[in-house]
Amino acid sequence: MALLEARGIAKRFGGIAALGDVSLTIGDGEIYGLIGPNGAGKTTFFNCLTGLYRHDAGSFHLAGTLLDTASPDRVVKRGIARTFQNIRLFAGLSVLENVMVGRHARSQAGALGAVLRTRAFQAEEAAVRNRALELLGYVGLAARRDEPARSLSYGDQRRLEIARALATDPRLLALDEPAAGMNATETQVLRQLLERIRADGVTLLLIEHDVKLVMGLCDRLAVLDFGQLVVEGTPDIVRRDPAVIAAYLGAGTEEAA
Ligand code: ATP
């Protein structure tokens, strides 16, 4: 079954066609990679999907229903969460508070409840905190919970961003270059985490330049170049495609990947 279907997504910035008529389908439970050279349109695709940019044409369907991408908030409520290429954390807040912020996107008690500190608000706050602690354990950051987010290493900040995204209970988690800035050991830990997230029922869409990681991790990949989908398929199909080798992988990478 298709979880996400993008149909004819197009986005221009002045004279630049960042995306031209991109259609792709992501199956429920897949790990799906979006790759391509710098400026190919990958982040623009994420921004259209998650309501940060308004696409000029096309539509997204989530589990068969038209996705309202009018605002990031609406997209989160429908079950799509994301992380950013340039990590966006609240640097001065604690690690735990950063995840709680993500969880609040799902909570019910309104601003008045917060001001009056009603019983319902307090119960919900405790639940938010417990779930955030659980998620920190899940990504391996429980011991760092009281430290400010800014004190974490780059790799740990990326895992914290994943925990915050998971706090919104997504069906689809979109990760923009999750391995960027990570060393080989951190990348290995990340890979295991992503496999566990998928095993726990979340579909993954990732933009990633680490060819070895995407080829090893993804069930299928789409390659973008100049805003166009060049090829879509399994890692084996993609790594042998002459257009992909020319545009992105380069000679000699077939063996390396
Ligand atoms: P990278 O791998 O470097 O992150 P990318 O594949 O994610 O690249 P995009 O960031 O989506 O590429 O950019 C696609 C094209 O759209 C580029 O030419 C970029 O300069 C342009 N672009 C993206 N966002 C904007 C914007 N807000 N305003 C103007 N042009 C933009």
Side-chain angles (χ1 to χ4, degrees), residues 4-26 31-60 67 69-73 75 80-89 154-155 157-159 161-162 165 172-183 186-187 190-191 194 203-218 220-233 235 238-239 241 243-250 253 256-257:
L4 182 76
E5 198 185 342
R7 299 180 189 163
I9 304 297
K11 175 72 186 171
R12 295 189 74 85
F13 296 104
I16 297 169
L19 290 173
D21 199 26
V22 172
S23 298
L24 53 85
T25 303
I26 302 176
I31 301 185
Y32 191 100
L34 200 53
I35 64 172
N38 291 336
K42 305 179 297 295
T43 297
T44 302
F45 184 86
F46 267 37
N47 288 341
C48 292
L49 170 65
T50 58
L52 278 180
Y53 291 168
R54 183 67 66 93
H55 34 286
D56 305 325
S59 60
F60 294 98
L67 181 68
T69 55
S71 74
D73 191 47
V75 174
I80 299 180
R82 74 174 288 182
T83 64
F84 293 86
Q85 194 174 332
N86 306 310
I87 300 171
R88 294 191 189 180
L89 290 168
Y154 213 58
Q157 288 192 22
R158 290 212 176 273
R159 287 192 291 147
E161 230 195 359
I162 291 173
L172 176 72
L173 175 59
L175 304 162
D176 196 343
E177 297 194 29
M182 287 190 177
N183 62 33
E186 286 175 321
T187 304
L190 174 76
R191 181 178 169 158
L194 299 185
T203 301
L204 293 172
L205 166 63
L206 64 144
I207 296 174
E208 185 49 65
H209 285 289
D210 183 330
V211 173
K212 195 166 168 236
L213 177 66
V214 276
M215 292 291 177
L217 184 64
C218 295
R220 287 189 308 135
L221 299 157
V223 184
L224 289 182
D225 193 24
F226 292 111
Q228 302 287 336
L229 194 115
V230 180
V231 64
E232 187 192 33
V238 167
R239 73 157 68 86
D241 188 281
V244 175
I245 294 169
Y248 182 57
L249 296 177
T253 47

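Just follow the structure's listing: the first ligand is 1, and inside any ligand the first atom is 1. Atoms considered below: every heavy atom in the structure, side chains included; atoms not considered: hydrogens, waters and symmetry mates.
Side-chain contact between Leu190 and Met182 is present, with heavy atoms from C-beta onward closer than 4.5 Å. Annotation: side chain of Leu24 is in contact with side chain of Phe45 (closest heavy-atom distance under 4.5 Å). Residues Leu229 and Leu224 are in side-chain contact: their nearest non-hydrogen atoms beyond the backbone lie under 4.5 Å apart. Between His55 and Leu19 the shortest side-chain heavy-atom distance does not fall below 4.5 Å.
Among Ala180, Pro37, Gly39, the residue whose heavy atom lies nearest to atom 17 (C) of ligand 1 is Gly39. For the residues Gly36, Ala18, Cys48, the heavy atom positioned nearest atom 16 (O) of ligand 1 is part of Ala18. Of the listed options Thr44, Leu34, Ile207, Thr44 places a heavy atom closest to atom 13 (O) of ligand 1.
Within the structure, the closest approach of Gly41 to ligand 1 falls below 4.0 Å when heavy atoms are considered. Contact analysis leaves Lys11 out of contact with ligand 1, as no non-hydrogen atom separation drops below 4.0 angstrom. At least one heavy atom of Tyr53 sits closer than 4.0 Å to an atom of ligand 1.
With a 6.0 Å cutoff to the six-membered ring centre and a 45° limit on the axis angle, Lys11 counts as a cation-pi contact of Phe13.
For the side-chain hydrogen bond (donor to acceptor under 3.5 Å, both in side chains) with Asp176, the qualifying choice from Thr83, Thr43, Asn47 is Thr43, the only one to do so.
Those atoms of ligand 1 that come under 4.0 Å of a heavy atom in Ala40, given as number and element, are 5 (P), 6 (O), 12 (O). Atom numbering of ligand 1 starts at 1 in the shown order; those under 4.0 Å from a heavy atom of His209 are 2 (O). Close approach of ligand 1 to Gln85 is summarised as follows: ligand atoms under 4.0 Å from at least one heavy atom of the residue are 4 (O).
Looking only at heavy atoms of the protein, atom 20 (O) of ligand 1 is closest to Ile16 CD1, 4.9 Å. The closest protein non-hydrogen atom to atom 10 (O) of ligand 1 is Thr43 CB, 3.8 Å. For atom 2 (O) of ligand 1, the closest non-hydrogen atom of the protein is Lys42 NZ, 2.8 Å.
Of the charged side-chain nitrogens involved, none lies within less than 4.0 Å of a carboxylate oxygen, so that Arg88 and Glu161 do not count as a salt-bridged pair.
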